[in-house]
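In what follows, a structure is listed as structure tokens, so that the remarks can point back to it.
As a basis for the values below, the full set of heavy atoms in this structure was taken, side chains included, without hydrogen atoms, waters or symmetry mates. Proteins come first, then strands; the chains are lettered A, B, ... in the order of their sequence lines, and each starts at number 1.
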2 protein chains.
Amino acid sequence: MKSKTIILDGIDKKILKALTADARTPILEIARNVGISGAAIHQRLRKLEKSKLISGSKFILNPKVFGYNTLAFVGIYLEHATNSETIVKALKRIPEVLECHYTTGHYNIFIKLLCIDNAHLMHLLNTKIQTIPGIIRTESVISLDQQIDRQIQI
Amino acid sequence: MKSKTIILDGIDKKILKALTADARTPILEIARNVGISGAAIHQRLRKLEKSKLISGSKFILNPKVFGYNTLAFVGIYLEHATNSETIVKALKRIPEVLECHYTTGHYNIFIKLLCIDNAHLMHLLNTKIQTIPGIIRTESVISLDQQIDRQIQI
DNA sequence: TGTGAAATCTGCCAAGA
DNA sequence: TCTTGGCAGATTTCACA
């Protein structure tokens, strides 16, 4: 039992399906739907958590209610000798940066930005991002409408 | 009370901060930290839910434990006369597609893909995505490592 | 908006088949 | 790995300040 492939049976899948849909689903409610006791569900959950398969739970906020309407992806080109970690550190300080990836291909770094509107995006790029030392150029793709948003299926 | 800007006071922010960090934080625990009664927290939560500010809660699965290690962003070029909705419908049937956006700029559609490895990604692109009628060409950016992953701050 | 109290439901542990 | 039993604590509602 040193290294292990995790094998999920139907019950595990049902538990995960319920909790990935709504993290506050009562365990006893799942137990009723699945047909085993709450304590058993609880034991399985502890197993799943130990296996790192579940990495947490979150309330999902709706950005539009806060007035955040412009989602954009920005590819970043760096100078050759730039220390990427410094760039990432600078990007972390910008709250609008939701994701940041080191990438292959055209760009060195690729980020996802959430802004109030296009003007806010432009302002961010011009005054906060393109001014970071080491960043040469950026290329933006603006999302007009998001059609799919989900996790891996189980 | 027809249209309303939502004003969050310090208590609302503490509630949201606790629940966006861990959706299963007990309400009474938040109540203790904030210094008001559990019933009051409950009332505020109902208000926040009604305002659509909270759009749900989710358990976060760890894709790496399932063997999913390659995250990629793919820009898609469509033929001019293509009905985008048909394309999106086809993309929805591919479980590896986690996000899908209509976009401005170079691409017509932009997606986020989660695959087992690079071979799986290539296979997906060649056999499932580029074969969708209307798709002319795709351009991929592969994430080597994700450094930031978060929601909007409150 | 807040509180406190009451009724009900959950979370979680232990012991055992 | 399941079940039962049980208690502490959580959720939820309500009348009232």
Which pairs of donor and acceptor atoms, one on a side chain in residues 87-98 of chain B, lie under 3.5 Å apart (sequence neighbours left out)?
residue, atom, partner, partner atom, Å
B:E96, OE2, B:H120, NE2, 3.1

**Study point:** Any side-chain heavy-atom pair of B:L71 and B:I142 under 4.5 Å
**Key:**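 The answer is no, as the side chains (C-beta and beyond) never meet within the 4.5 Å cut-off.
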Check your understanding: Is the closest side-chain heavy-atom distance between B:R24 and A:L19 below 4.5 Å?
Key ->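 Yes; the side chains approach each other to less than 4.5 Å.
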Review point. If you link I, L, V, M, F, W and Y whenever their side-chain heavy atoms are under 4.5 Å apart, who else ends up in the same group as B:L28?
Key: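 Answer for B:L28: none, a lone residue.
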Exercise for review: Could you please spell out the steps behind the salt bridge (Lys or Arg N to Asp or Glu O under 4.0 Å) verdict for A:R44 and A:D9?
Suggested key: CA-CA 11 Å; A:R44 280 164 176 269; A:D9 63 13; 3.0 Å; yes
Exercise for review: Run the salt-bridge test on B:D22 and A:K58 with the 4.0 Å N-O cut-off and return the result as yes or no.
Suggested key: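 Result for this pair is no, no salt bridge flagged.
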Review point. Looking at B:K112 and A:E99, does any basic side-chain N land under 4.0 Å from a carboxylate oxygen?
Key: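 So B:K112 pairs with A:E99 through a salt bridge.
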Check your understanding: Between which nucleotides of DNA chain C, 5' to 3', does chain B make heavy-atom contacts below 4.0 Å?
Key ->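 That gives a stretch of C:dT1 to C:dG11.
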Assess the side chains of [X] and [Y]: does a donor N or O sit below 3.5 Å from an acceptor N or O?
X: B:T70; Y: B:D117; result: no
X: A:T20; Y: A:Q151; result: no
X: A:Q146; Y: B:Y102; result: no

**Study point:** Check: B:H101 ring centre within less than 6.0 Å of A:F73 ring centre
**Key:**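 Between B:H101 and A:F73, the centre distance is under 6.0 Å.
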Review point. Which residues within residues 14-22 of chain A lie with some heavy atom under 4.0 Å of an atom in DNA chain C?
Key: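 Nothing qualifies; none.
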Check your understanding: What is the bend of the helix from C:dT1-D:dA17 to C:dA17-D:dT1 when you compare the axis at one end with the axis at the other, using five pairs each and rounding to 10°?
Key ->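 Result, rounded to 10 degrees: 30°.
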Review point. Is the number of heavy atoms from other residues, nucleotides or ligands within 6.0 Å of NZ (A:K52) greater than 12?
Key: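 No, not enclosed.
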Review point. How does protein contact run along nucleotides 4-17 of chain D, one letter per nucleotide 5' to 3', with B for base contact, S for sugar-phosphate only, - for none, heavy atoms under 4.0 Å?
Key: B-----BBSB----
